[in-house]
Amino acid sequence: MKRFTKHDKEKEIKRQKLLREIEDRKLPYLTPKDVEFEELSKAKYSKLHLRQAGCVPDDIHQAVQQGLTTLQDYTCFAQDLVQIKGKDVLTPVYRLLVGNPGHTYRYLNTRLFAIPWPTHGVEVKYSNDEIGKACQAIKDLNEYLHAEAVKILVDHYSAADEEIGFVEKATTSLSENTESGKGVHNNQKININTVLKDRTSFNVALLNYMDPSRMKYLKEEPYFAMGKMAVSWHHDENLVERSTVAVYSYSCDDLGPALDESNKNSVEGRDPTLWHVGLKIAWDIETPGLALPLHPGDCYFMLDDLNMTHQHCVLSGMPSRYSSTHRVAECSTGTLDYIFGRCDVAMKNLQNDSVLGISSLISLEVEFVRQTEEIHNEVEFEWLRQFWFQGKRSAKQCDWWFGPMAELENAWKEMEQMTKLLLCEINKAEWSLEEKKQIIRCLLPLLEERQELRKIWVARCQSRLANNLPIDEQPECHPHWHRGDAKMPLPFDLEEIISLLRSQLGPEDGGERK
């Protein structure tokens with residue numbers, strides 16, 4: 001689990017510097033009613049594309065809006081207990097991740113586990129048929145947004161030839177040896193289309209629901225005086241580089257409170273009764289920001305590197321609102337296939353004798369020890385504890401994740417046994433002092449990390465915020481066991497083991513601590 005990192009501190013320093021520079025004045029921003037809006041949009045925000053509701057097929061609207069309200073009716077949305085600057089914070093927005101089977105999405109030190117949308121060859125038993133239909137509607141929307149995003153990008157690059165260079169560079173090496181100039185052009189065109197499709201092949205959809213009337217406090221937008229924010233300024237995390245983010249917005253006037261016309265012009269610039277997406281160039285105080293109103297059924301696309309060069313926020317309106325945000329999540333370390341593959345790597349160093357009923361380690365080389373213990377920590381803290389920290393809330397939609405998590409836990413228990421076997425090997429007489437120290441130097445930092453992270457997760461599970469969540473959403477501190485549990489190879493609290501290992505190192509190794 002990541003702490004408040006150097007990168008986080010640098011961002012906070014930039015934010016504070018920006019606030020000092022603007023002091024008490026507010027930066028300018030534009031809305032579509034401003035004369036300069038169109039010119040500014042083309043000059044500084046050309047990679048933001050709005051697709052108004054009237055341009056989206058009616059059958060998409062009907063299925064998606066019905067699906068979103070169905071998921072809300074079955075209380076499928078939940079607040080996430082995330083970490084910001086090292087502190088637990090409960091999101092004001094209620095969320096649900098839907099996507100490719102076995103995919104996850106990580107943000108703010110929280111891993112969300114995607115409820116699988118219907119997929120050929122994958123059996124998913126939804127809690128009821130209505131939830132299954134809702135997930136199908138989100139998948140259909142995903143396919144529609146993917147197709148539209150490719151069209152928009154092709155049009156965008158056709159209108160701005162100088163910007164397509166970054167795609168062509170990737171194809172140069174493939175085409176240099178082609179004899180025909182026509183062949184070069186065709187190769188580039190094929191590869192450009194492939195790149196654009198890859199960057200719009202959305203693998204997860206993060207669904208959001210918010211009812212402003214239920215929120216006691218929403219932050220004021222700090223730079224432009226845009227009003228109340230449902231989501232603060234940010235870059236979306238954990239995405240494939242230069243991939244598109246597509247968002248379907250549905251604010252449901254009939255479900256919200258009566259609009260207070262007397263407050264309609266209380267925020268200068270934008271209409272506070274309407275939801276908006278706000279955009280600004282990151283850390284720029286010269287360029288005006290944008291506030292783009294979102295009507296029910298509108299879609300917007302953040303293309304190419306917009307998410308890297310700009311920041312966006314969500315400005316609250318008065319009615320409740322859903323959004324379906326479709327992303328190309330960077331999943332190189334975030335799928336079940338990946339983590340099971342990691343477990344297979346660790347298990348290759350374990351030998352089980354079925355006749356004698358004993359286990360042993362195949363290699364005691366430092367590189368194998370380090371690899372196994374790193375995988376051990378990854379399974380426990382990036383998967384098992386992340387999953388159970390969200391309680392049993394995924395059971396509201398389906399039980400799909402519980403089987404794979406049980407398999408992961410079995411693999412993790414094997415790795416606990418492997419750690420015990422390693423500790424036993426260290427204590428054998430035939431080891432020289434230097435050989436012991438070499439292994440201990442490798443093992444000790446990983447055990448110290450494991451001990452520290454277990455303490456952190458226990459504290460998070462017992463926090464006031466956690467205990468105030470609905471019962472079925474409260475974090476479970478799992479896996480957890482008590483001293484003397486015969487089913488577990490090692491104790492939950494590793495302090496005694498760590499102290500023993502430290503005692504076997506000299507002062508030059510940092511082994512003696514008081």
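Note that the numbering runs from 1 along the sequence shown for the chain.
- Between H312 and H234, the side chains place a donor N or O and an acceptor N or O closer than 3.5 Å (distance only, hydrogens not considered).
- With no hydrogens or angles considered, a side-chain donor-acceptor pair links Y105 and R327 at under 3.5 Å.
- Each of E237, E330, E382 was evaluated against R106; a single residue qualifies, E382, per the salt bridge (Lys or Arg N to Asp or Glu O under 4.0 Å) test.
- K396 places a side-chain heavy atom less than 4.5 Å from the side chain of D472.
- Environment of CD in Q52: sparse, with no more than 12 heavy atoms of neighbouring residues, nucleotides or ligands closer than 6.0 Å.
- In this structure, a donor-acceptor pair under 3.5 Å is absent between the side chains of E221 and Y29.
- At a cut-off of 3.5 Å, with distance as the only test, no side-chain donor of Q474 or N467 sits close to an acceptor on the other residue.
- In Q66, the CD atom is not crowded: 12 or fewer heavy atoms of neighbouring residues, nucleotides or ligands sit closer than 6.0 Å.
- A cation-pi arrangement is present between R454 and F492, with the terminal nitrogen or guanidinium carbon under 6.0 Å from the aromatic centre and inside a 45° cone about the axis.
- Not a single donor-acceptor pair under 3.5 Å links the side chain of H276 to the backbone N or O of L292.
- A donor-acceptor pair shorter than 3.5 Å can be found between the side chains of H146 and T200.
- Judged by distance alone, the side chain of N203 and the main-chain N or O of A329 form a donor-acceptor pair under 3.5 Å.
- Side-chain contact, D271 with T273: a donor N or O sits under 3.5 Å from an acceptor N or O.
- Within a 6.0 Å sphere centred on NZ of K44, other residues, nucleotides and ligands contribute 12 heavy atoms or fewer.
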Are T104 and R111 close enough, and set up right, to give a side-chain hydrogen bond (donor to acceptor under 3.5 Å, both in side chains), and what steps lead you there?
CA-CA 6 Å; T104 67; R111 185 179 298 281; 2.8 Å; yes
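- K47 and D305 are joined by a salt bridge, as a carboxylate oxygen and a charged side-chain nitrogen come within less than 4.0 angstrom of each other.
- Judged purely by distance below 3.5 Å, without hydrogens or angles, the side chains of Y126 and Q136 never pair a donor atom with an acceptor atom.
- A donor-acceptor pair shorter than 3.5 Å can be found between the side chains of N208 and S323.
- A side-chain donor from one of N142 and H326 sits under 3.5 Å from a side-chain acceptor of the other.
- Remark: side-chain polar atoms of S320 are not paired, donor with acceptor, to backbone N or O of D211 under 3.5 angstrom.
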Going through the distances and angles, do F381 and F389 end up as a ring-ring contact (aromatic ring centres under 6.0 Å, His included)?
CA-CA 10 Å; F381 301 110; F389 188 71; over 10 Å; no
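- Between the D88 side chain and the Q83 main chain, no donor and acceptor come within less than 3.5 Å of each other.
- Counting only distance, with no hydrogens or angles, the side chain of S463 and the backbone of A466 share a donor-acceptor pair below 3.5 Å.
- Taking the centre and axis of the six-membered ring of W388, the NZ or CZ atom of K392 falls outside the cone set by 45° and 6.0 Å.
- With no hydrogens or angles considered, a side-chain donor-acceptor pair links H376 and T419 at under 3.5 Å.
- At least one donor-acceptor pair under 3.5 Å links the side chain of Q79 to the backbone N or O of T91.
- Between Q386 and F113, the closest side-chain pair of non-hydrogen atoms falls below 4.5 Å.
- Judged purely by distance below 3.5 Å, without hydrogens or angles, the side chains of W412 and E380 pair a donor atom with an acceptor atom.
- Judged by a 6.0 Å distance limit and a 45° cone about the ring axis, R214 is positioned over the six-membered ring of Y94.
- Proximity of a side-chain donor or acceptor of D34 to a complementary backbone N or O of T31 within less than 3.5 Å is detected.
- Counting only N and O atoms by type, the side chains of T287 and D284 include a donor and acceptor under 3.5 Å apart.
- A donor-acceptor contact under 3.5 angstrom links the side chains of R95 and Y107, judged on distance only.
- Side-chain contact, T244 with R199: no donor N or O sits under 3.5 Å from an acceptor N or O.
- Remark: of the listed residues I60, V247, L145, L294, L145 is the sole one forming a side-chain contact (heavy atoms from CB on, under 4.5 Å) with C299.
- Atom CD of E220 sits in a crowded spot, with more than 12 heavy atoms from other residues, nucleotides or ligands closer than 6.0 Å.
- Defined by atom type and a distance below 3.5 Å, a donor-acceptor pair is missing between the side-chain atoms of W283 and Q311.
- Looking at E448 and R502, a side-chain N of the basic residue comes within less than 4.0 Å of a carboxylate O on the acidic one, giving a salt bridge.
- Aromatic ring centres of F387 and F402 lie closer together than 6.0 Å.
- Not a single donor-acceptor pair under 3.5 Å links the side chain of N100 to the backbone N or O of H103.
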